[in-house]
Engineer: 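Please read through the structure below; I'll follow up with questions.
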Amino acid sequence: QVSLVESGGGSVQAGGSLRLSCKHSGGPYMAYWMAWFRQAPGKAREGLAVIRYRGSTTHVAGSVKGRLTISQVDAEDTLYLQMSSLKPEDTAMYYCAAATRALTVRTIFDADEYNYWGQGTQVTVSS
């Protein structure tokens with residue numbers, strides 16, 4: 001059973017930083033892409049950053065480029081999201097996800113393409 005468990009969320013003041021972690025286990029499974037999404041109350045789930053599983057290719061959404069960095073440590077089976085210069089509008093539940101099929105640049109931020117999800121970790125940014 002594949003399991004994705006996020007951690008590292010919390011409350012921070014605007015301008016601060018956080019690093020989220022996602023420990024994945026229960027493999028082997030052939031993931032193509034690992035990703036971070038977020039969802040604020042009343043809003044659709046938003047793709048933030050993706051990384052090729054066991055690879056180095058990354059894509060970061062334009063809305064957060066320059067502030068968010070995705071990375072992974074293969075030996076630890078852990079995905080990370082480093083967030084800096086946080087803003088109140090970054091307040092949301094943050095999820096990691098895995099897609100077990102090849103995606104294109106047009107679908108890589110589409111939540112429907114990801115078939116494994118964590119339970120989420122809350123990030124709250126105060127002004």
Side-chain angles (χ1 to χ4, degrees):
Q1 185 73 18
V2 175
S3 173
L4 304 175
V5 180
E6 302 95 335
S7 62
S11 297
V12 64
Q13 288 193 326
S17 300
L18 279 175
R19 188 177 77 158
L20 306 183
S21 302
C22 174
K23 175 73 174 178
H24 49 93
S25 61
Y29 66 104
M30 292 301 295
Y32 277 78
W33 296 96
M34 301 291 295
W36 286 98
F37 288 78
R38 69 183 177 190
Q39 188 166 21
K43 294 189 176 181
R45 194 162 291 192
E46 176 189 11
L48 302 173
V50 300
I51 188 167
R52 185 69 169 90
Y53 182 62
R54 299 287 195 244
S56 59
T57 302
T58 62
H59 298 276
V60 180
S63 60
V64 295
K65 191 167 288 186
R67 298 193 301 117
L68 270 58
T69 302
I70 189 170
S71 62
Q72 62 187 345
V73 177
D74 296 343
E76 298 175 357
D77 285 335
T78 302
L79 179 73
Y80 296 100
L81 184 69
Q82 179 69 47
M83 305 188 293
S84 61
S85 301
L86 285 164
K87 307 173 183 179
E89 50 264 44
D90 293 318
T91 296
M93 187 71 79
Y94 284 70
Y95 299 91
C96 70
T100 56
R101 55 189 170 187
L103 304 177
T104 70
V105 292
R106 287 185 293 178
T107 61
I108 207 158
F109 289 124
D110 185 345
D112 290 338
E113 299 291 341
Y114 289 79
N115 45 332
Y116 293 108
W117 291 86
Q119 83 290 346
T121 186
Q122 177 68 37
V123 172
T124 302
V125 184
S126 58
S127 58

Engineer: Backbone N or O of G120 within a donor-acceptor pair of the E6 side chain at under 3.5 Å?
Structural biologist: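 Yes.
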Engineer: Taking all non-hydrogen atoms of both residues, which atom of L79 and which atom of C96 are closest, and how far apart?
Structural biologist: CD2-CB, 4.0 Å
Engineer: Tell me, please, which residues at least two apart from V125 pass side-chain contact (heavy atoms from CB on, under 4.5 Å).
Structural biologist: V12, A14, L86, P88, D90, T91, V123
Engineer: Strictly by salt bridge (charged side-chain N to carboxylate O under 4.0 Å, His left out), give each pair with a member in residues 117-127 just once, sequence neighbours left out.
Structural biologist: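 Non-adjacent pairs meeting salt bridge (charged side-chain N to carboxylate O under 4.0 Å, His left out): zero.
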Engineer: With rounding to the nearest 0.5 Å, note down the distance linking CE in M83 to OH in Y94.
Structural biologist: 5.0 Å
Engineer: Between the main-chain N or O of T57 and the side-chain N or O of R52, is there a donor-acceptor pair closer than 3.5 Å?
Structural biologist: no
Engineer: Given the rule in the side-chain contact (heavy atoms from CB on, under 4.5 Å) test, do Y116 and H24 qualify, once you have shown the distances and angles that lead to the verdict?
Structural biologist: CA-CA 10 Å; Y116 293 108; H24 49 93; over 6 Å; no
Engineer: Nearest 0.5 Å, please: how far is CD1 in I70 from OG1 in T58?
Structural biologist: 7.5 Å
Engineer: Measure from the side-chain N and O atoms of K23 to the backbone N and O of E76, and report whether any donor-acceptor pair falls under 3.5 Å.
Structural biologist: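 Such a contact is found between K23 side chain and E76 backbone.
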Engineer: Rounded at 0.5 Å granularity, tell me how far OG in S84 sits from CG in L68.
Structural biologist: 7.0 Å
Engineer: Compare every heavy atom of D77 with every heavy atom of R54, then report the nearest pair and how far apart it is.
Structural biologist: NH2-OD1, 2.9 Å
Engineer: Which atoms form the tightest heavy-atom contact between Q39 and A92, and what is the distance?
Structural biologist: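 Reported closest heavy-atom pair: O-CB, 3.5 Å.
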Engineer: Tell me, yes or no, whether the heavy-atom count around R106 atom CZ, taken from other residues, nucleotides or ligands under 6.0 Å, exceeds 12.
Structural biologist: no
Engineer: Considering only residues two or more places apart or on different chains, which pairs with a residue in residues 108-127 satisfy salt bridge (charged side-chain N to carboxylate O under 4.0 Å, His left out)?
Structural biologist: R101-E113
Engineer: Quick one: OG1 on T78 to CD on Q72, what's the gap to the nearest 0.5 Å?
Structural biologist: 10.0 Å
Engineer: What are the two closest non-hydrogen atoms of I108 and L103, and how far apart are they?
Structural biologist: CA-CD1, 4.1 Å
Engineer: Sub-3.5 Å donor-acceptor pair from the side chain of R38 to the main-chain atoms of Y95, do we have one?
Structural biologist: no
Engineer: Using the rule given for side-chain contact (heavy atoms from CB on, under 4.5 Å), can you reason through S17 versus Q82, listing the C-alpha separation, both sets of side-chain angles and the distance that settles it, and then say yes or no?
Structural biologist: CA-CA 8 Å; S17 300; Q82 179 69 47; 4.1 Å; yes
Engineer: Any sub-3.5 Å donor-acceptor pair from S21's side-chain atoms to Y80's backbone N or O?
Structural biologist: no
Engineer: If you round to the nearest 0.5 Å, how far is OG of S127 from CD of Q13?
Structural biologist: 9.0 Å
Engineer: Which pair of heavy atoms, one from A111 and one from R45, lies closest together, and at what distance?
Structural biologist: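 Looking at all heavy atoms of both residues, the shortest contact is CB-CD, 4.4 Å.
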Engineer: Partners of E89 by salt bridge (Lys or Arg N to Asp or Glu O under 4.0 Å), sequence neighbours excluded?
Structural biologist: none
Engineer: For W36, check ring pair (Phe, Tyr, Trp, His ring centres under 6.0 Å) against everything at least two apart and list the hits.
Structural biologist: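 Applying ring pair (Phe, Tyr, Trp, His ring centres under 6.0 Å) to W36 gives none.
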Engineer: Quick one: list whatever passes ring pair (Phe, Tyr, Trp, His ring centres under 6.0 Å) with Y114, sequence neighbours left out.
Structural biologist: F37
Engineer: Which heavy atom in G9 sits nearest to a heavy atom in T121, and how many Å separate them?
Structural biologist: N-OG1, 3.1 Å
